[in-house]
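Let me begin by handing over the structure; questions about it come next.
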There are 2 protein chains.
Amino acid sequence: MNSRELLKQHIFKTITLTDEQFDYFFSHFTPLSFKKGQTIISEGDEVDCEYFVVSGCLKAFFINDDIKMYILQFAMPTWWTSDYNALYSHSRATINVDCITDAEVLCLKSADREKLCAEIHPIEHFFRWRTNRGYVASQKRLLSFMNNDAKKRYEELLALYPELYNLVPKHLIAAYLGITRETLSRLYNNR
Amino acid sequence: MNSRELLKQHIFKTITLTDEQFDYFFSHFTPLSFKKGQTIISEGDEVDCEYFVVSGCLKAFFINDDIKMYILQFAMPTWWTSDYNALYSHSRATINVDCITDAEVLCLKSADREKLCAEIHPIEHFFRWRTNRGYVASQKRLLSFMNNDAKKRYEELLALYPELYNLVPKHLIAAYLGITRETLSRLYNNR
DNA sequence: CCTTCGATGTGATGTATGTCACATAATTAC
DNA sequence: GTAATTATGTGACATACATCACATCGAAGG
């Protein structure tokens, strides 16, 4: 499926637009291709875009003062990603986004998102529901952090996204779970 | 300030409505009063409202199988709360909401929120931005969980909401931080 | 006023996870 | 194809936090 169809099917799960409306909507996206390891957003950047993943896998991550990495989100096809804190508050990026695999994305400028939301009411509806779902997912992950130990969180992650097991290196899974790679290795080798 | 003015000032930080539009908007809210300790949402309930806090302090919390409590959110005046997972997915409540102090709230039915969002475009805009901010706050809290130890999270919480220190018993602060009351006691007594 | 119960403090001890060190396997770069 | 780099496994030990037990203190209710 091409990127236009993928985006169309994705947003049509929430809203419907006329063909002209969708064409207009789609005309604001810029397709971009990246190679494995390439950086999309670096800490300190001005952030004015968000990204809809068409193929491949991205990660959004934070690096702390001890150079330890924590992964906020793996972004797979039909997921959206950016540094939303920076994007919404017009501040500099504090998180990074890069490519775990070769990837194709559609880039949407924040100013264009706002323009589209103002011009076409259903588009605002779509973005409201996208964030509603993201908020609930984030709360669930927070609860899982408080309630479950690392082993349970690992099993939950693999149950929810089995494709990650072969797609992303284990030290990145550990960085998502908030544990060290050593601990993760011991968990699934039962040591 | 009365509840109508509080809500008006709150939403006018994001959007503007005509007087008639705001009157219409406000007419969908039901004022409710609760006493300290009263329950607003219990696990297993059907959830069809969200709540705008006018006065007092609520907590939204999860109880796990070992009857340990984890607090997702303290809700102070101008905050919104509910079990958003249940509310958005039309499922039964898995989290509880109750009153830490006597409280007044404005209740908005989910069906009315959707109706208002469909009828008045700026209202959809308001709710989109409310959730955008909630999503970013939730991501920040997640990062803090992964990156900081309990002491740092405690200091962060008090820096962000100093009023909680005197308002909320310490075992609830602990339940928000995801630690036991004993550990919290040791943290601030440096033992 | 007295009783009860919830909130808090603190010691002793257990456990999950982190840290550091080192070995080896798998990829990537030249 | 070889060297360099990155990913992974594992042992020894350190540490943050949990658990359990018990004491104290203060607020709420009859």
Side-chain angles (χ1 to χ4, degrees), chain A residues 34-39 56-57 59 61-71 74 96 98-102 143-158 164-191, chain B residues 34-39 57 59 61-71 74 98-102 143-158 164-191:
Chain A
F34 293 100
K35 287 284 171 199
K36 176 174 177 175
Q38 265 194 287
T39 295
C57 182
K59 66 179 192 282
F61 60 102
F62 175 75
I63 303 283
N64 76 359
D65 297 339
D66 303 333
I67 329 214
K68 265 179 74 170
M69 170 176 57
Y70 297 100
I71 293 180
F74 292 116
N96 308 268
D98 71 15
C99 300
I100 296 176
T101 66
D102 291 357
L143 260 188
S144 176
F145 244 94
M146 296 201 277
N147 191 25
N148 302 138
D149 64 10
K151 181 158 200 170
K152 194 123 180 256
R153 296 204 304 281
Y154 176 60
E155 286 159 4
E156 261 182 16
L157 178 67
L158 288 190
L164 288 178
Y165 187 81
N166 291 313
L167 191 60
V168 314
K170 305 225 179 305
H171 74 275
L172 295 183
I173 304 262
Y176 181 90
L177 296 172
I179 59 179
T180 59
R181 57 177 194 80
E182 292 96 328
T183 295
L184 179 60
S185 166
R186 288 176 176 116
L187 283 183
Y188 60 74
N189 290 319
N190 293 306
R191 263 160 245 272
Chain B
F34 293 99
K35 287 284 171 198
K36 177 176 175 173
Q38 266 192 286
T39 296
C57 183
K59 65 178 192 284
F61 60 102
F62 174 76
I63 304 284
N64 76 0
D65 297 339
D66 303 333
I67 329 213
K68 266 178 73 169
M69 172 175 57
Y70 296 100
I71 294 179
F74 293 116
D98 71 15
C99 299
I100 295 176
T101 66
D102 291 357
L143 259 188
S144 177
F145 245 93
M146 297 202 275
N147 191 25
N148 301 137
D149 63 13
K151 181 157 201 172
K152 194 123 181 258
R153 295 204 303 280
Y154 176 60
E155 287 160 4
E156 261 183 16
L157 178 67
L158 288 190
L164 289 177
Y165 188 82
N166 291 313
L167 190 61
V168 178
K170 304 227 179 302
H171 73 277
L172 295 185
I173 305 262
Y176 181 91
L177 296 173
I179 58 179
T180 60
R181 54 174 197 82
E182 293 96 327
T183 296
L184 179 60
S185 167
R186 287 177 176 115
L187 283 183
Y188 60 73
N189 291 317
N190 292 308
R191 264 160 243 272

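Reminder, nothing fancy here: chain letters follow the sequence lines and each chain counts from 1.
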What does the inter-axis angle of the helix from C:dC1-D:dG30 to C:dC30-D:dG1 come out as, five pairs per end, nearest 10 degrees?
60°
Do any side-chain nitrogens or oxygens of A:H171 fall under 4.0 Å of OP1 or OP2 in D:dT8?
yes
Please state how far atom OH in A:Y154 lies from atom P in C:dA16, giving the value in whole angstrom units.
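Spelled out: OH on A:Y154 to P on C:dA16 is 18 Å.
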Is it true that A:D102 and A:K36 make a salt bridge, defined as a side-chain N closer than 4.0 Å to a carboxylate O?
no
Let me have the donor-acceptor pairs involving side chains of residues 143-151 of chain B, under 3.5 Å, with sequence neighbours excluded, atom names and distances please.
| unit_1 | atom_1 | unit_2 | atom_2 | d |
| --- | --- | --- | --- | --- |
| B:S144 | OG | B:N148 | OD1 | 3.3 |
| B:S144 | OG | B:E156 | OE1 | 2.7 |
| B:N147 | OD1 | A:N64 | ND2 | 2.7 |
| B:D149 | OD1 | B:K151 | N | 3.3 |
| B:D149 | OD1 | B:K152 | N | 3.0 |
| B:K151 | NZ | B:N190 | OD1 | 2.9 |

B/S/- contact track for nucleotides 20-30 of chain C, protein heavy atom under 4.0 Å:
BB------S--
Can you measure B:L172 atom CG to C:dG6 atom P for me and round it to whole angstrom units?
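The answer, rounded to whole Å, is 13 Å.
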Here the pair of heavy atoms bringing A:C57 nearest to A:L167 is CB-CD2, 3.8 Å
Looking at A:K170, I'd like to know whether one of its side-chain N or O atoms comes within less than 4.0 Å of OP1 or OP2 on D:dG9.
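So the side chain of A:K170 is outside the cut-off, no N or O lying under 4.0 Å from OP1 or OP2 of D:dG9.
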Give the table of side-chain donor-acceptor pairs shorter than 3.5 Å for residues 173-181 of chain B, with sequence neighbours excluded, one pair per line with atom names and distance.
| unit_1 | atom_1 | unit_2 | atom_2 | d |
| --- | --- | --- | --- | --- |
| B:Y176 | OH | B:R141 | NE | 3.4 |
| B:T180 | OG1 | B:T183 | N | 3.2 |
| B:T180 | OG1 | B:T183 | OG1 | 3.1 |

Atom-to-atom span, CG of B:L184 to P of D:dT19 - whole angstrom
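Whole-Å distance recorded here is 15 Å.
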So does A:Y188 get a side-chain nitrogen or oxygen closer than 4.0 Å to the phosphate oxygens (OP1/OP2) of D:dG9?
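Yes, within the criterion.
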Name the pairs: protein N/O against N/O of nucleotides 13-17 of chain D, kept only if under 3.5 Å.
| unit_1 | atom_1 | unit_2 | atom_2 | d |
| --- | --- | --- | --- | --- |
| D:dC17 | OP1 | B:A150 | N | 2.8 |

Can you list the residues that meet the side-chain contact (heavy atoms from CB on, under 4.5 Å) rule with B:I63, with sequence neighbours excluded?
B:F61, B:I67, B:M69, B:N96
